[in-house]
Every structure is written in structure tokens, then in C-alpha cells.
Peer 1: 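Pasting a structure below so you can have a look.
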Amino acid sequence: MKKLDHLKPAEVFRYFEDLCAIPHGSGNTRAISDYCMKFAESHHLFARQDDAWNVIIKKEASPGYENAPAVILQGHLDMVCEKEAGCPIDFQTDGLDLAVDGDLVYAKGTTLGGDDGIAIAMALAILADRDLSHPRLECVFTTDEEIGLLGAEALDTSSLDGAYLINIDSEEEGIFTVSCAGGMRSECILPLTYQETEGIRCTLAVEGLLGGHSGVEIHKEHGNSNILMGRLLCALEEEIDFRLESLMGGLMDNAIPRETKAVLYVKEEEIARFEEFRQTWETILQKEFRASDPGIFLTLRQEGFRKGRAMSPKSASLLLYLLHMVPNGVVRNSVEIENLVQTSLNLGILKTGEDAAHVIFSVRSSVDTEKAELGNRLRHCVEFLGGTYQESGSYPGWEYKKDSLLRDTLVRVYQRLYEKTPRVEAIHAGLECGIFSGKMEGLDCISMGPDLYDIHTPKERLSISSVERVYHFLLEVLKELR
């Protein structure tokens, strides 16, 4: 028996559980893409799969809707793969370990991938149901959204002729998103040289942070473990002599990192002072982050005397300077739209290798020139230190459409069903609507979705009752778009 069999809508959760059983982190989406193609074949629907593993499935209009404009239902196939320390799940080969707690579905020890598996599940349920009333449907499932909207960027939209696009990739019921920020992935690469060293090998870790989505939660000012580690090591340089072997923090550029580890060598006579330093700074950080990250703590683990390789003093100093000086977090808020972050960046991935350190950011802005300026600041900083800078996955913002029949329809149906007015707003996170509206002239877009909590973290949860309401609402909207 499946773990979600008893939930409603039954078909939606059945497909969702099937999807969760397939590994589908960003960059590992062929299997889930093939699943969608097999679904289309078994239901005798037209489907196309491209080289990026994007999938398009089409379903003809139900009787009475033959002359209605086609509707695109859109979501992404990939998920952010984050897990708790000690969790045995291998995201490359293992499915998720689902569980239910009251009104919530979650995955034990990992992200759930409700962002955006629930969109795919809803679309598959609609495609499979022959009794629904709807215009012609074009269901578009894209890949690698979480690492720069790469699938949407690669997708050939020439076979699509939908007039309306409903993106099911928002995380709060009753909110319709009509504009979003553009973004890009920015990577600072700093060369490293190593020397032989010896001493007490230690691991210093920043842990216990809440993390979160670097777009929709950047305004919450959660601590960034990569930035904090840079601060700590710069302060440590003033206290004791150490040699830095490696740094590692964060798995995704668009997830605020929750944990960062530094491996270093310390003289035996400095260990007591190092522990005093840890205690002092743990107290400082717990005070500073008592509201945003009340669980923050520092650990120091000793491995005994070792011989090994560590960065040269110059390499370590340049890297710590970079970590200490780069901008991070909210850069500017909008003065036109209340409570909207306009420009931000997140140092999501920090890793050191044999010959270089990689410091990787997610940069976002609803103003293209401000996005470009942040990239220039990062480039100038790392190039001044002797490194290189690369940009990838750049995607446009999505501008607000003053006249929208689709938006008006969703608001009207929502008011009729729930006797209250939904919120219509812009979002700082990136959405694929920007790419689709840029490729398809005149396309009328909106983004919606059920309640999801703590996405991009192992605490991610999906509301069962919200899925049921949003699915019912979506069916009513399709019925209305006659």
C-alpha cells in the first residue's frame, strides 16, 4: 500500500507519490521525463520530449470548448536536493521517504520536491480524467528550473499556441503572482595553491541555521552560513595562527545555506584558545540571530595531530577577503511596490578544490540594470584578487500586464468559490513565466499553487487540504475559460 493512498484528490496524490519515487534533482531529470512520456503513451496523448528532457503533452478540448483559446498548464520536473546530516538518501539513485502528519505531507530527512512535483501531479491528473470540461490543453513540463530556468530557456515553443499560461509554481494558496524578478547564476573562481603543513587537524562548523529559498525568503534575513564562516575565519586570523585546508557549504545557489564547514590545522598550544574563540563567537552569533535563526551553533571537532596539505597563506588570505567583502542578501527594496525586494544575491555554494575555490551566487532583480551591476561588482572583486568570473542561466524578469483576462477570470472564480478576494502580487523569486512571455508574444500568464512551507529545506511540507482546494479551483478556472 502506498503512503498517500488515503489522501484526496486521490489521483493527484497518486501521481505525486509516483513522482517522488523517481530521483529528480536538477541535472538528473531524464527518468522523470521518461515517466511523463510513458504516461502520455498509455493515455494515447500527443507528447514530445526534447534534448533537454522537457516534455510537452497535449489534450484536445472537451465538447463545447473546441473554439476556446488553448491553455498551457506549466510546471518544472526538477527539485532542490537538500538533506539533514546523517540522512542516508542518495538523491542520484533513491526516491523520497514520504510521510503524513495531520494535514501535511513531508519527506523524512530531505526536501519534498512539492516545488514543483505537485504541479506535475495536478497536470497529469487533469490529462488522465476524460470527464472534465476544459479548452485544449498544452501541458509543459520543464527541467532544471532550480538552477537557472535552463529547461524553459532551451524549450522550442513554436509548437505551442496557447493564449493563456497557468504556472503552478507558487507556494501560497490565494495568492496570484503576476510579475517576477529576473536572475542569473554568478560564479567567482579564485585560484589556490597548497603547501605541506602539520598540526592538530580540526573542523569548525556553522550549523543550525534555518536556510530557505533565496528569492521568496531572502527578506527574512536568515543567516547565510557561507558568509558567516568568512566572517569567523577573518576574526580567527586575529586570534591564532592556523592553516586552512578546505571550505564547504551549501548545495544549491538558490538555497540559503544552513551549514558550512572549514577544515584547518592549528598548533597544539593554540587549541585551548581556539575553543575559547568558538564559545565567544557562538554567543555573539546566537545574540545577533536570536530572532531569525534561534538554533544557530558552532562546533569544533579535533582529529589529533596530522600532516597534510593546506592553502598557502596568500591563497587563504585572498579567499577570506573575498568571503568577507562580497555583498550578500537584500541589496535594494522596491519603492514602488510595498514589501517587494527589488534586488538581492545569495552566496549559495562555497567549495574548494585542488586548484581553485568556487564561490557561487544566485543574483536576482526585477530591474535588469541592477542585476547586471551586481554581476559587475562580483566580477571586479574577484578579478582584482586574481580570479575569474562566469555568468550562466540568465533569465528575464516578467513584467506586470495591465490588462489580463486570465487574471480577471482567476480572481472572479476565486471570489465565487471562497467569498473573499485573493491577493495579486509580484514576487522576488524567478518564475518561468518570464521566459515563456518573452518567447510567445501576447501570452497571458499567471502563477498559483497550494500552500508549501520551508521549501528548499529538509523541513519542506505540503498542505493536503490546500492541494484539494487549489485543484478544485483549477478545474473551475478551466471550465470558465470557455
Peer 1: Would the number of heavy atoms belonging to other residues, nucleotides or ligands and lying under 6.0 Å from NZ of K2 be above 12?
Peer 2: yes
Peer 1: So that I can tick it off, tell me whether R423 and E172 are bridged by a salt bridge, with the cut-off set at under 4.0 angstrom between side-chain N and carboxylate O.
Peer 2: yes
Peer 1: Under a 4.0 Å threshold between the charged nitrogen and the carboxylate oxygen, would E370 count as salt-bridged to R332?
Peer 2: yes
Peer 1: Could you check F39, F141, Y471 and say which one makes a ring pair (Phe, Tyr, Trp, His ring centres under 6.0 Å) with Y15?
Peer 2: F39
Peer 1: Please report the interatomic distance CG(L322) to SG(C188), rounded to the nearest 0.5 Å.
Peer 2: 5.5 Å
Peer 1: Less than 4.0 Å between a side-chain N and a carboxylate O, is that true for R14 and E11?
Peer 2: yes
Peer 1: Using the rule side-chain contact (heavy atoms from CB on, under 4.5 Å), only one of V330, V331, I218 pairs with L345; which is it?
Peer 2: V331
Peer 1: Is the side chain of E66 donor-acceptor paired with the backbone N or O of G64 at a distance under 3.5 Å, no angle test?
Peer 2: yes
Peer 1: Between D50 and N54 (side chain of the first, backbone of the second, donor and acceptor by atom type, cut-off under 3.5 Å), is there such a pair?
Peer 2: yes
Peer 1: Could you go step by step and tell me if E173 and S466 meet the side chain to side chain donor-acceptor pair (under 3.5 Å) rule?
Peer 2: CA-CA 7 Å; E173 181 185 348; S466 182; 2.7 Å; yes
Peer 1: Where do N346 and N224 land on the side chain to side chain donor-acceptor pair (under 3.5 Å) test, with the steps shown first?
Peer 2: CA-CA 8 Å; N346 172 64; N224 180 307; 3.2 Å; yes
Peer 1: Going by salt bridge (charged side-chain N to carboxylate O under 4.0 Å, His left out), name the pairs with one or both residues in residues 472-482, residues two or more places apart or in two chains.
Peer 2: R412-E480, R416-E476, R416-E480, E476-K479
Peer 1: For E338, does the CD atom have more than 12 heavy-atom neighbours from other residues, nucleotides or ligands under 6.0 Å away?
Peer 2: no
Peer 1: For I455, is there any backbone N or O sitting under 3.5 Å from a side-chain donor or acceptor partner on D115?
Peer 2: no
Peer 1: Which heavy atom in G162 sits nearest to a heavy atom in L443, and how many Å separate them?
Peer 2: O-CD1, 3.4 Å
Peer 1: Between T457 and G211 (side chain of the first, backbone of the second, donor and acceptor by atom type, cut-off under 3.5 Å), is there such a pair?
Peer 2: no
Peer 1: Does any part of the side chain of I22, heavy atoms only, come nearer than 4.5 Å to the side chain of D18, both counted from C-beta?
Peer 2: no
Peer 1: Got more than 12 heavy atoms from elsewhere within 6.0 Å of NZ, K83?
Peer 2: yes
Peer 1: Please give me the minimum heavy-atom distance between A52 and A154, naming the atom from each residue.
Peer 2: CB-CB, 4.1 Å
Peer 1: Kindly check if the number of other-residue, nucleotide or ligand heavy atoms within 6.0 Å of CD (Q415) is above 12?
Peer 2: yes
Peer 1: Is the side chain of K108 donor-acceptor paired with the backbone N or O of D97 at a distance under 3.5 Å, no angle test?
Peer 2: no
Peer 1: What is the minimum heavy-atom distance between P69 and P135, and which atoms define it?
Peer 2: O-CB, 3.4 Å
Peer 1: Indicate the atoms forming the closest heavy-atom contact of A125 with V12, along with that distance.
Peer 2: CB-CG2, 3.8 Å
Peer 1: Would you say that E138 contacts F46 through its side chain, given a criterion of any heavy-atom pair below 4.5 Å between the two side chains?
Peer 2: no
Peer 1: Are side-chain heavy atoms of S26 and V80 found at a separation under 4.5 Å?
Peer 2: no
Peer 1: When you compare the side chains of D78 and T29, does any donor N or O come within less than 3.5 Å of an acceptor on the partner?
Peer 2: no
Peer 1: Please examine the side chains of T299 and V206, heavy atoms only from C-beta on, and report whether any two atoms are closer than 4.5 Å.
Peer 2: no
Peer 1: With sequence neighbours left out, what residues match N254 under side-chain hydrogen bond (donor to acceptor under 3.5 Å, both in side chains)?
Peer 2: E146
Peer 1: Are D161 and R136 within salt-bridge range, i.e. N to O under 4.0 Å?
Peer 2: yes
Peer 1: Looking only at heavy atoms, which two atoms of H222 and I256 are closest? And how far apart?
Peer 2: O-CG2, 4.4 Å
Peer 1: Could you go step by step and tell me if L347 and V359 meet the side chain to side chain contact (heavy atoms under 4.5 Å, CB included) rule?
Peer 2: CA-CA 7 Å; L347 201 178; V359 183; 3.6 Å; yes
Peer 1: Counting N and O atoms only, with roles assigned by atom type, does the side chain of D169 sit under 3.5 Å from a partner on the main chain of G75, one being a donor and the other an acceptor?
Peer 2: no
Peer 1: Kindly indicate whether the side chain of V467, heavy atoms from C-beta on, has any atom under 4.5 Å from the side chain of L462.
Peer 2: yes
Peer 1: For I296 and E207, what are the C-alpha separation, side-chain angles and deciding distance, and is it a side chain to side chain contact (heavy atoms under 4.5 Å, CB included)?
Peer 2: CA-CA 6 Å; I296 187 173; E207 301 179 82; over 6 Å; no
Peer 1: So does K401 get a backbone contact from the side chain of R407, meaning a donor-acceptor N/O pair under 3.5 Å?
Peer 2: yes
Peer 1: Are the side chains of V71 and L478 in touch, meaning some heavy atoms are under 4.5 Å apart?
Peer 2: yes
Peer 1: Can you name the closest pair of heavy atoms from K371 and G182 and give their distance?
Peer 2: CD-C, 4.1 Å
Peer 1: Inspect the surroundings of NZ in K439 and state if more than 12 heavy atoms from other residues, nucleotides or ligands are less than 6.0 Å away.
Peer 2: yes
Peer 1: List the residues meeting side-chain contact (heavy atoms from CB on, under 4.5 Å) with K8, not counting sequence neighbours, and say none if there are none.
Peer 2: E468
Peer 1: Quick test of your reading of the model: are D451 and R461 salt-bridged, counting only N-O distances below 4.0 Å?
Peer 2: no
Peer 1: Does the side chain of T260 come under 3.5 Å of the side chain of N226 through a donor N or O and an acceptor N or O?
Peer 2: yes
Peer 1: Hey, could you give me the OG1/CD1 distance between T142 and I56, rounded to the nearest 0.5 Å?
Peer 2: 10.5 Å
Peer 1: Applying side chain to side chain donor-acceptor pair (under 3.5 Å), run through S186 and Y389 and close with a yes or a no.
Peer 2: CA-CA 7 Å; S186 295; Y389 174 76; 2.8 Å; yes
Peer 1: For D90, look at atom CG and say whether over 12 heavy atoms of other residues, nucleotides or ligands are found less than 6.0 Å away.
Peer 2: yes
Peer 1: Should we say atom CZ of R469 is surrounded by more than 12 heavy atoms from elsewhere, each under 6.0 Å from it?
Peer 2: yes
Peer 1: Hey, mind stepping through I446 and S404 against side chain to side chain contact (heavy atoms under 4.5 Å, CB included) and telling me if it holds?
Peer 2: CA-CA 9 Å; I446 202 160; S404 168; 5.9 Å; no
Peer 1: May I have the step-by-step check of side chain to side chain donor-acceptor pair (under 3.5 Å) for T177 and S447, ending in yes or no?
Peer 2: CA-CA 5 Å; T177 303; S447 181; 4.8 Å; no
Peer 1: Do I72 and L137 have side chains that get closer than 4.5 Å, going by heavy atoms?
Peer 2: no
Peer 1: Is the closest basic N to carboxylate O distance between E259 and K261 below 4.0 Å?
Peer 2: yes
Peer 1: Show me the pairs that pass ring pair (Phe, Tyr, Trp, His ring centres under 6.0 Å) and involve residues 71-124, at least two apart or across chains.
Peer 2: none
Peer 1: Got a sec, which pairs hit ring pair (Phe, Tyr, Trp, His ring centres under 6.0 Å) with one end in residues 396-427, sequence neighbours left out?
Peer 2: F176-Y414, Y414-Y418, Y414-F473
Peer 1: Taking CG in D5 as the centre, count heavy atoms belonging to other residues, nucleotides or ligands within less than 6.0 Å. Is the count above 12?
Peer 2: yes
Peer 1: Can we say R258 and E82 salt-bridge, meaning some charged N sits less than 4.0 Å from an Asp/Glu carboxylate O?
Peer 2: yes
Peer 1: Ignoring hydrogens and angles, tell me if any N or O in the side chain of E460 forms a donor-acceptor pair with the backbone of G114 under 3.5 Å.
Peer 2: yes
Peer 1: Applying ring pair (Phe, Tyr, Trp, His ring centres under 6.0 Å) as the test, list every pair that has at least one member in residues 436-458; sequence neighbours left out.
Peer 2: H213-H456
